[in-house]
Amino acid sequence: MLSEQEINRRQKRDELMRMGIDPYPAQEVSVTHTITQLRDAFADKTGKDTQGGYEPQLNFSEQAPYDHVALAGRLMGFRIMGSASFAEMQDATGRMQLYFRRDDIAPGDDKTLYNTVFKKLLDIGDIISVEGYVFTTQTGELSVYVRQFTILNKSLRPLPVVKEVVNEQTGEKEVYDAFTDPEQRYRQRYVDMIVNPQVRDVFVKRSKLVNSIRQFLSGRGYLEVETPILQPIHGGAAARPFSTHHNSLDMKLFLRIANELYLKRLIVGGYDGVFEFAKDFRNEGMDRTHNPEFTQVEFYVAYKDYLWMMDTIEEMVEKVAIDVAGTTKVTVGENIIDFKRPWKRLTMFEAIQEYTGIDVSAMDEAGLRTVAEARGIKTDASMGKSKLIDELFGDACEPNLIQPTFITDYPVEMSPLTKKHRSKPGLVERFEAICNGKEIANAYSELNDPIDQRERFEEQLRLAERGDEEAMALDDDFLRALEYGMPPTAGVGLGIDRLAMIMTNQPSIQDVLFFPQMRPEKKADVSTDADFLAAGVPAEWLPALQKMNILTVAQLREASPNKLFNDLGGMRKKLKIDAPMPDMETVRHWTGK
RNA sequence: GAUGCUUUAGCUCAGUUGGUUAGAGCUUCUCACUUUUAAUGAGAAGGCCCUGGGUUCGAGUCCCAGAAGCAUCACCA
């Protein structure tokens, strides 16, 4: 059912067509400038001066190249005053004021082009192109004086209208009636981007971030690769997978939770360094920092260890910050995060000692449990030593690690793919990069002893038997590859979404994904006109049923014929329906009774 | 999954101890207006008050259940 405004716009579309104006023309549109190009060209020539007066007016009606400029974009506002009007155009780069004058748009006696087409048939949201010259108004606003305009697209849905004004006292921009409902913003991201153009900047930065990493890694000679997303065995991380089915092979397949095991196979195969920007899928909870599909870049380099990788990540992320933000200092919420090298490095035990004052490195399980419970952490019998350490770290340390910090040397039980520490028993050569209280990267010296690896997998199988749904599956082919021999290798996974959140100062992962996963939209069940016609209701009575909130044939069947008959009489008057009143028998027939 | 908050016009929001026909601004429509800028002035239209039960003479308002969104927590990156 269409709203009044939608009906209105459809009528305008029809009216344009009747006038011989195609509201959806096919031709290529010639554009001489983007709006930002024009603004930049005049940046030092416009605007109010500090005394409160105005700059002298500019007029480029006879001065190339600004005597003939062509712009294209979406109309975002009108200020109409009789035979002259201002309109606001938005293109991919910014906004520009347009000036329309009746006698210039329609120079002859026929003023239809201005009075009807421009003033009556255009709406906010329509896309047009204009041709004219650059000038400034008395108030100093850079504008385009339109000689001619062309409709490129008649928009049929009203856009939420966001108004922005500069407060003269403070000089700050104030926004009115902002389109803010997160559900609508994420479900209809296109609307979000039209009316909140700053949203587009976030994704431009995200793209810069990805390019920056790609340049960094490619520039060092590492190979960008692609590996399977559909995997017969999901491996490389502890997470619950999505599963699917391949019909011709008649086999179960999983969407990957990580690409680690495939990239290591490529190192076995002889590449010195490989990386992949990978969409991974995890069938787990969703919140501000988790989306079921997310992106990470994983890369693996032969003949290196985790210490080398720490230096590399530090250098890479510092470069990313400079490329994206222009500086190593990035504002995130209330904090300023500085990615300048070197970052702080703490072992996990040192971090716990720093934030709790307790040295847990030599404690047994009972001692750890006491410390954890003293901090209000819920523990149970299934939690071993490493799990307790992890909980303690997550509770006491992680939220406090705002500046980028490397946490190193994790308990072996938590890291089934990681090489045992060269000198510290019970630990592995692993680090996580923590920033703004969240993990952004996870790396290790890769385990390349196939016998050790098999034992670690078998340990995971025992966890799975005990009901751990996130335990890793044993991957025989991966073990076979390791048995041929993998050089010592450093590997890392770095969360692109998490890093993008930090670099663009967005509080939620949904703000750095164009289309975050949402519950399906609830659609009201509505029968078609044809369904009602089939039920015997004549077309002229359909609006009356709609108005009475009978939207499905099923509802019609349940309606009481007497009440329906009475209401139809009222609706006939209210909606000014010309058709003769159906008799009681006919109405009874509609309801199937 | 748990707890709390929210849901009223196309958009942003009011709505009193439960009491006539549910309001405002913007948008839309009509009219006036040749450099405005949240243009202005006059007039009009636009509501399944999230859904379903219940209490009551009477529910947008109170109670119960459900849905969706948000926040916090748990799991996870």
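Order of the sequence lines fixes the chain letters, A, B, ..., with proteins taken first and strands second; residue numbering starts at 1 for each chain.
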> Between A:K163 and B:A39, is there a side-chain N or O to OP1/OP2 distance below 4.0 Å?
Replying inline: yes
>> Is it the case that the base of B:U36 and the side chain of A:Q138 share a donor-acceptor contact (distance under 3.5 Å, atom types as modelled)?
In response: no
> Among the nucleotides B:U34, B:A77, B:A71, which one has an atom lying closest to any side-chain atom of A:E284?
Replying inline: B:A77
>> Of the options B:U72, B:U28, B:A77, whose atoms approach the side-chain atoms of A:F294 most closely?
In response: B:A77
>> Need the pair for B:G4. Rule: Watson-Crick or G-U wobble, both distances under 3.5 Å, any strand; none if unpaired.
In response: B:C70
> In whole angstroms, how far is the P atom of B:A77 from the CD1 atom of A:I440?
Replying inline: 15 Å
> What is the distance from CD of A:E6 to P of B:U28, rounded to the nearest Å?
Replying inline: 14 Å
>> Looking at B:C29, I'd like to know if its phosphate oxygens (OP1 or OP2) sit under 4.0 Å from a side-chain N or O belonging to A:Q11.
In response: no
> Can you tell which of B:A77, B:C70, B:C11 lies closest to the side chain of A:Y186?
Replying inline: B:C70
> Given that A:K12 and A:F179 both sit by RNA chain B, which one's nearest nucleotide is further toward the 5' end?
Replying inline: A:F179
> Between A:R79 and A:E88, is there a salt bridge with N-O shorter than 4.0 Å?
Replying inline: yes
>> Side chain of A:Q97, heavy atoms from C-beta onward: which of B:U36, B:U28, B:G69 has the nearest atom to it?
In response: B:U36
>> Taking any heavy-atom pair under 4.0 Å as a contact, classify A:Q5: base, sugar-phosphate, or nothing.
In response: base
>> On the side chain of A:D181, is there an atom forming a donor-acceptor pair with the base of B:C70 - under 3.5 Å, no angle test?
In response: no
> Is A:E298 touching bases, backbone alone, or none of the nucleic acid, heavy atoms closer than 4.0 Å?
Replying inline: nothing
>> Would you say the rings of A:Y66 and A:F135 are close, in the sense that their centroids are separated by under 6.0 Å?
In response: no
> Within the structure, does a side-chain N or O atom of A:R79 lie under 4.0 Å from either OP1 or OP2 of B:U36?
Replying inline: no
> How would you list all residue pairs meeting salt bridge (charged side-chain N to carboxylate O under 4.0 Å, His left out) that involve residues 281-300 of chain A, not counting sequence neighbours?
Replying inline: A:K279-A:E293
>> Between A:Y133 and A:F60 (judged by ring centroids, cut-off 6.0 Å), do the two rings come close enough to count as a pair?
In response: no
> Of all heavy-atom pairs between A:P411 and A:V428, which one has the smallest distance, and what is that distance?
Replying inline: O-CG2, 4.2 Å
> Base, sugar-phosphate alone, or nothing: which one does A:D287 contact when heavy atoms must sit under 4.0 Å apart?
Replying inline: base
>> Ring centroids only, cut at 6.0 angstrom: are A:Y444 and A:Y306 within range, meaning strictly under it?
In response: no
> Distance check: side-chain N/O of A:Q184 vs OP1/OP2 of B:C11, anything under 4.0 Å?
Replying inline: yes
> Between atom CE in A:M81 and atom C1' in B:U35, what is the gap in whole Å?
Replying inline: 7 Å
>> Centroid distance below 5.5 Å plus an interplanar angle below 30 degrees: do A:Y176 and B:A38 meet both conditions?
In response: yes
> Looking at B:G69, B:U28, B:A77, which one has an atom nearest to any side-chain atom of A:I509?
Replying inline: B:A77
> What are the residues of residues 119-127 of chain A, sorted by number, that bring a heavy atom to within less than 4.0 Å of RNA chain B?
Replying inline: A:K120, A:D123
> Nearest of B:A68, B:A45, B:U34 to any side-chain atom of A:E4?
Replying inline: B:A45
> Could you give the CD-to-C1' distance, from A:E141 to B:A39, as a whole number of Å?
Replying inline: 13 Å
>> Any non-hydrogen side-chain atom of A:M472 less than 4.5 Å from a side-chain atom of A:H234?
In response: no
>> With a 4.0 Å limit, can you tell me whether A:S83 has a side-chain N or O closer than that to the phosphate oxygens OP1/OP2 of B:U34?
In response: yes
> Counting only side-chain N and O atoms of A:R185, is one of them less than 4.0 Å from OP1 or OP2 of B:G69?
Replying inline: no
>> Please classify the nucleic acid contact of A:R240 as base, sugar-phosphate, or nothing, using heavy-atom distances under 4.0 Å.
In response: nothing
> So A:D280 and A:F294, side-chain contact (heavy atoms from CB on, under 4.5 Å) or not? Walk me through it.
Replying inline: CA-CA 5 Å; A:D280 291 336; A:F294 67 103; 3.7 Å; yes
>> So, using side chain to side chain donor-acceptor pair (under 3.5 Å) as the criterion, who are the partners of A:K438 when residues are at least two apart?
In response: none
> Please give, in whole Å, the distance from B:A77 P to A:I434 CD1?
Replying inline: 11 Å
> Which one is paired to B:C49, where only Watson-Crick or G-U wobble pairs with both distances under 3.5 angstrom count?
Replying inline: none
>> Return the pairing partner of B:A59 with a 3.5 Å limit on both distances, Watson-Crick or G-U wobble; otherwise return none.
In response: none
